[in-house]
Amino acid sequence: MDMFALAIGIILGGCAIGAGLAMIAGIGPGIGEGNAVAKACEAIGRQPECKGDVTSTMITGCIIAETTGLYGLVVAILLIFVAPGQFVDILKTTLGK
């Protein structure tokens with residue numbers, strides 16, 4: 001078996017595993033935003049006159065929490081589409097192929 005083909009396989013496999021692990025970052029914002037909305041509903045239920053303040057604060061917090069999931073998505077997309085080509089180019093220049 002050609003060592004170059006094996007190295008490319010390892011690169012592609014590593015990028016796929018990394019992309020999968022990066023997508024785990026989407027779990028945290030989902031849980032956090034669900035908890036935030038639940039607590040906001042409780043707060044509005046206890047003091048309905050504070051609905052506007054609680055809602056605006058909750059939406060701001062959810063927006064900030066969502067960015068972590070988006071960062072994970074961007075990293076996964078880069079690992080799937082950009083990184084393999086870059087790593088293969090580095091391998092080619094290193095091996096002189």
Side-chain angles (χ1 to χ4, degrees):
M1 179 177 201
D2 185 29
M3 292 301 287
F4 185 70
L6 179 63
I8 290 177
I10 291 172
I11 288 171
L12 294 176
C15 288
I17 291 171
L21 290 173
M23 287 310 299
I24 292 175
I27 294 172
I31 294 170
E33 289 171 21
N35 286 336
V37 171
K39 297 297 181 181
C41 288
E42 287 179 19
I44 293 170
R46 290 183 187 164
Q47 293 184 343
E49 65 273 3
C50 295
K51 180 182 178 185
D53 294 336
V54 171
T55 303
S56 64
T57 304
M58 179 202 61
I59 289 174
T60 303
C62 286
I63 290 169
I64 292 170
E66 187 65 32
T67 59
T68 59
L70 293 175
Y71 290 144
L73 177 65
V74 168
V75 168
I77 289 172
L78 289 174
L79 282 171
I80 291 172
F81 295 110
V82 177
Q86 300 247 336
F87 289 141
V88 169
D89 289 343
I90 291 170
L91 182 67
K92 284 180 181 177
T93 58
T94 303
L95 296 178
K97 287 195 174 197

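Numbering starts at 1 and runs along the sequence shown.
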Could you grab the distance from atom [atom1] of [X] to atom [atom2] of [Y], nearest 0.5 Å is fine?
{"X": "Leu73", "Y": "Leu78", "atom1": "CG", "atom2": "CG", "value": "9.5 Å"}
{"X": "Met58", "Y": "Asp53", "atom1": "CE", "atom2": "CG", "value": "12.5 Å"}
{"X": "Ile10", "Y": "Met3", "atom1": "CD1", "atom2": "CE", "value": "7.5 Å"}
{"X": "Ile77", "Y": "Leu70", "atom1": "CD1", "atom2": "CG", "value": "9.5 Å"}
{"X": "Cys41", "Y": "Lys51", "atom1": "SG", "atom2": "NZ", "value": "10.0 Å"}

Item to check | N/O donor-acceptor pair under 3.5 Å between Thr57 side chain and Val54 backbone | outcome: no
Item to check | Under 3.5 Å: donor-acceptor pair, side chain of Thr55, backbone of Gly52 | outcome: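 Looks like no, no N/O pair under 3.5 Å.
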Heavy atoms only: give me the nearest [X]-[Y] pair and the separation to one decimal.
{"X": "Met23", "Y": "Gly72", "answer": "SD-O, 4.1 Å"}
{"X": "Gly69", "Y": "Pro29", "answer": "N-CG, 3.5 Å"}
{"X": "Pro84", "Y": "Leu79", "answer": "CD-O, 3.2 Å"}

Hphob cluster co-occupancy, [X] + [Y], side-chain heavy atoms under 4.5 angstrom:
{"X": "Ile17", "Y": "Ile24", "value": "yes"}
{"X": "Ile90", "Y": "Ile8", "value": "yes"}
{"X": "Leu12", "Y": "Leu91", "value": "yes"}
{"X": "Ile11", "Y": "Leu95", "value": "yes"}
{"X": "Tyr71", "Y": "Ile64", "value": "no"}

Checklist entry - Is any side-chain heavy atom of Thr93 less than 4.5 Å from a side-chain heavy atom of Asp89? => result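 Not in contact.
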Next on the checklist: For Phe4, I'd like to know if atom CZ has over 12 heavy atoms of other residues, nucleotides or ligands within 6.0 Å.
Outcome noted: yes
